Amino acid sequence: MLYLTFVRENVELVKDALDKKGAEADLDELIVQDQKRRDTLYEVEQLKHRRNEASDKIGELKRKGEDASEIISEMQEVSAQIKEMDEEVRECEEKIEEILLQIPNIPHPEAPLGTDEEDNVLAWQWGEVREFNFKPQAHWDLGEELDILDFEKGAKVSGARFTFLKGLGAKLERALIEFMLDIHLEEHNYQEVFPPYIVHRDSMIGTGQLPKFEEDAFKLEGADYYLIPTAEVPVTNMYRDQILQAEQLPIHHVAYSACFRAEAGAHGRDTRGIIRQHQFNKVELVKFVKPEDSYTELEKLVKDAEVILQKLELPYRVLDMCTGDLGFAAAKKYDIEVWFPSYDTYREVSSCSNFEDFQARRASIKYRPHPEAKARLVHTLNGSGVAIGRTVAAILENYQQTDGSVIIPEALRPYMNGLDKIEP
RNA sequence: GGAGAGAUACCCAAGUGGCUGAAGGGGCGGGUUUGCUAAACCUGUAGUAGGACGCUUUAGUCCUAGCGAGGGUUCGAAUCCCUCUCUCUCCGCCA
């Protein structure tokens, strides 16, 4: 969310941002409501001032045992008027809030201009794409043959986009979680948290999932509860409505969690395999930093995520996301995509964003640069470090052998009891 | 799930309708005394949000709101009433 004052004073800039992001919001109505609110507020505050003074007077008169009925009846009228105008102000604020929540973050000036994923810019890439001397199989075929993925059982028990991992598949998933957590804890100095998977509405608003993207989330029936679409939501909201001390920053958290997504707009896409599931595992990195550090921190965040893929020796590329593909809350974003032989392309396994103060403002997360200083909003960042399910799929595809077996990446073997291969 | 008790500023805490725009204490900041420290004494300490005017060789002044949240009663609410949230204690149940 942007500050109302900021929007009021930078209407053109905000309009430009809306264009670049391909978003819409009724700025004209916002300005009208804002003006109406301020006018009414000024008047009603004058009345309240009068009332406060009169109340003191009444108290004084009553203490002296004198008659105050005249001034009381006068104030009865004033109070009724105040009540009415308060209601008017409240209505304006409701409309303003509604529009304000529709306005996306302003893109960073260096974010490439563009309308959709076609316009994303290749930033850099790593690793050699393997040449196969046979036709590589898709991970769902490999997984079924190895009896480590069971799509039928997933569909039977829970429906489409749910899958059972079995035996060494389940172990591989667990090993990756452990492996990634260890790297970020021991080599990158993140602090681990294990968050709740269910949050209430305020938390979803705090990080920007709501109110705009209600249909993407799973809501629990009969309660104001949502299943988290990413650990970003609970971990960022840990610090909601807080003023941090300067020396607490930067805060770097790593959190493993399951993630739940309705995938409402994705009918027919990635219906096979485990690329797009309603429930998947992810190790997430979340940072709270001083504003002046946030872009350095973003670069480091991407590097931290990349290390995982480098250690697993999976070839990947990094995309600098264009303005149209930045999403609602990000000012700048890099996606990391790993190579999938069967798709003959790269698929996203991580998305690293700098939200600047957009989330911090919604969630009211501030810090004091000096003990005496006025509180400022922090900058928040997060990125996957990385998505587990897609990494499993990538390992199956990239490490497959002619006989249908799959080699375990060396870095992962300590987490698999030294196992070097999954065989049919 | 049942019964009860709570929520007041950085912390503890007083406060049942106007003299509380929040006593008192602790902590923290400043000062006096002092060779230094400590002690004692004096003194400051609502952070925030919003608005009006001012400033932009940058600086404030005033107003409004704010005692867990939201409503209500009242000329006036920390105080009375209603709803909700959270915390604690005991019982039950459970991993």
Side-chain angles (χ1 to χ4, degrees), chain A residues 1-10 30-101 194-206 210 219-220 222-226 234 237-249 258 357-378:
Chain A
M1 187 170 72
L2 304 173
Y3 274 129
L4 176 59
T5 319
F6 177 85
V7 179
R8 183 193 301 150
E9 288 168 4
N10 298 278
L30 183 76
I31 299 304
V32 168
Q33 291 298 330
D34 174 43
Q35 192 58 52
K36 187 178 168 201
R37 169 178 174 273
R38 281 188 293 159
D39 293 345
T40 314
L41 199 57
Y42 181 74
E43 280 181 56
V44 76
E45 283 183 355
Q46 301 271 312
L47 287 180
K48 282 181 182 175
H49 183 52
R50 232 179 101 197
R51 185 179 68 182
N52 286 344
E53 282 181 338
S55 290
D56 283 346
K57 190 81 178 274
I58 293 167
E60 206 181 306
L61 290 174
K62 288 218 163 175
R63 247 172 286 127
K64 284 190 211 155
E66 291 174 25
D67 175 55
S69 53
E70 193 179 325
I71 190 164
I72 286 177
S73 66
E74 193 186 328
M75 282 306 113
Q76 274 171 340
E77 234 169 88
V78 170
S79 269
Q81 216 176 330
I82 287 174
K83 202 170 172 181
E84 232 170 80
M85 291 173 89
D86 270 344
E87 178 62 18
E88 267 177 60
V89 170
R90 207 189 52 77
E91 277 169 20
C92 287
E93 281 172 354
E94 234 169 58
K95 286 175 191 159
I96 288 167
E97 177 85 354
E98 199 189 313
I99 298 170
L100 224 41
L101 285 171
F194 198 117
Y197 290 1
I198 295 174
V199 296
H200 51 232
R201 187 178 176 83
D202 291 345
S203 296
M204 294 287 275
I205 289 175
L210 295 181
K219 187 175 193 309
L220 268 58
D224 195 23
Y225 279 142
Y226 294 82
N237 279 284
M238 278 172 78
Y239 297 93
R240 180 149 47 90
D241 295 321
Q242 239 187 286
I243 298 176
L244 303 162
Q245 299 305 311
E247 57 275 13
Q248 284 178 270
L249 299 176
D357 59 15
F358 190 80
Q359 284 184 335
R361 188 173 302 110
R362 278 169 100 109
S364 185
I365 307 171
K366 299 180 175 180
Y367 81 107
R368 252 178 244 293
H370 314 287
E372 304 300 318
K374 207 171 144 68
R376 296 174 69 193
L377 294 167
V378 301

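Keep in mind the model is a prediction, meaning the values are calculated, not measured. Each chain gets a letter, A, B and so on, in the order the sequences are listed, and its residues count up from 1.
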C1' atoms of B:G17 and B:A77, separation to the nearest Å
7 Å
Taking the minimum atom-to-atom distance to the side chain of A:Lys48, which one of B:U64, B:A52, B:G47 wins?
B:U64
Separation of B:G21 atom C1' from A:Arg51 atom CZ, nearest Å, is 14 Å
Should we say atom CD of A:Glu9 is surrounded by more than 12 heavy atoms from elsewhere, each under 6.0 Å from it?
yes
Starting at the 5' end of RNA chain B, which residue's closest nucleotide do you reach first, A:Glu77 or A:Glu93?
A:Glu93
Determine the Euclidean distance between corresponding C1' atoms of B:C28 and B:C90; express it in Å to zero decimal places.
39 Å
So what does A:Lys64 hit on the nucleic acid, given a heavy-atom distance under 4.0 Å: a base, only sugar-phosphate, or nothing?
nothing
Pick from A:Lys83, A:Glu84, A:Glu91: which one makes a side-chain contact (heavy atoms from CB on, under 4.5 Å) with A:Glu87?
A:Glu91
For A:Leu377 and B:A49, give me the distance from atom CG to atom C1', rounded to whole Å.
13 Å
Just call it for A:Ile58: base, sugar-phosphate, or nothing, with non-hydrogen atoms closer than 4.0 Å on any strand.
base
Can you measure A:Tyr225 atom OH to B:C86 atom P for me and round it to whole angstrom units?
6 Å
Are OP1 or OP2 of B:A52 and a side-chain N or O of A:Arg38 less than 4.0 angstrom apart?
yes
In whole angstrom, what separates A:Lys62's NZ from B:G18's P?
11 Å
Step-by-step side chain to side chain contact (heavy atoms under 4.5 Å, CB included) determination, A:Ile96 to A:Leu30:
CA-CA 6 Å; A:Ile96 288 167; A:Leu30 183 76; 3.8 Å; yes
On a whole-Å scale, what distance lies between the C1' atoms belonging to B:A13 and B:U8?
9 Å
With rounding to the closest Å, how many angstrom separate the P atoms on B:U20 and B:G15?
15 Å
Just how far, in rounded Å, is P of B:G68 from CZ of A:Arg240?
19 Å
Between B:G18 and B:A22, how far apart are the two C1' atoms, rounded to whole Å?
14 Å
Using whole Å, what does the distance between atom C1' of nucleotide B:G76 and atom CD of A:Glu74 come to?
14 Å
d(CG, A:Asp34; P, B:G50) in whole Å:
11 Å
On RNA chain B, check which nucleotide each of A:Leu4 and A:Arg50 is closest to and give me the residue with the more 5' one.
A:Leu4
Out of B:G21, B:G76, B:C63, which nucleotide sits closest to the side chain of A:His49?
B:C63
How would you label the contact of A:Arg201 with the nucleic acid (heavy atoms, under 4.0 Å): base, sugar-phosphate, or nothing?
nothing
From the options B:G50, B:G51, B:C19, select the nucleotide whose nearest atom is closest to the side chain of A:Tyr3.
B:G50
In whole Å, measure the gap between the C1' atoms of B:A38 and B:U33 for me.
13 Å
Does A:Tyr225 have more than 12 heavy atoms from other residues, nucleotides or ligands lying within 6.0 Å of its OH?
no
Take atom CZ of A:Arg90 and atom C1' of B:G71, then tell me their distance rounded to the nearest Å.
11 Å
Kindly point out which of B:G51, B:A49, B:U73 is positioned nearest to the side chain of A:Arg37?
B:G51
Applying the Watson-Crick and G-U criteria (both distances under 3.5 angstrom) with [ ] for crossing and | for other-strand pairs, one obtains for RNA chain B ((((((((.[[[..)..(.....]]]((((((.......))))))..((((((......))))))..[[[[[..)....]]]]])))))))....
Rounded distance in Å between the C1' positions of B:A23 and B:A9
13 Å
Among B:G51, B:G18, B:G76, the nucleotide that comes nearest once only the side chain of A:Ser79 is considered:
B:G76
Can you list the steps and then say if A:Arg90 with A:Glu94 is a salt bridge (charged side-chain N to carboxylate O under 4.0 Å, His left out)?
CA-CA 6 Å; A:Arg90 207 189 52 77; A:Glu94 234 169 58; 2.6 Å; yes
Is it true that, when you exclude A:Glu66 itself, more than 12 heavy atoms of the residues, nucleotides or ligands shown sit nearer than 6.0 Å to its CD?
yes
Is the distance from OP1 or OP2 of B:U73 to the nearest side-chain N or O of A:Lys83 less than 4.0 Å?
yes
Tell me if a side-chain donor or acceptor on A:Arg362 pairs with a main-chain N or O of A:Ile205 at a distance below 3.5 Å.
yes
Taking N and O atoms by type only, does the side chain of A:Glu45 place a donor or acceptor under 3.5 Å from a partner on the base of B:G50?
yes
Would you call A:Arg50 and A:Glu74 a salt bridge, using N to O less than 4.0 angstrom?
yes
Spacing of the C1' atoms in B:C62 and B:A5 (rounded, Å):
44 Å
Under the 3.5 angstrom rule, does the side chain of A:Asn237 hit a backbone N or O of A:Ser203 as a donor-acceptor pair?
yes
Across the strands shown, which category fits A:Asn52 at heavy-atom distances under 4.0 angstrom: base, sugar-phosphate, nothing?
base
To the side chain of A:Ser55, which of B:G51, B:U73, B:C75 is closest?
B:C75
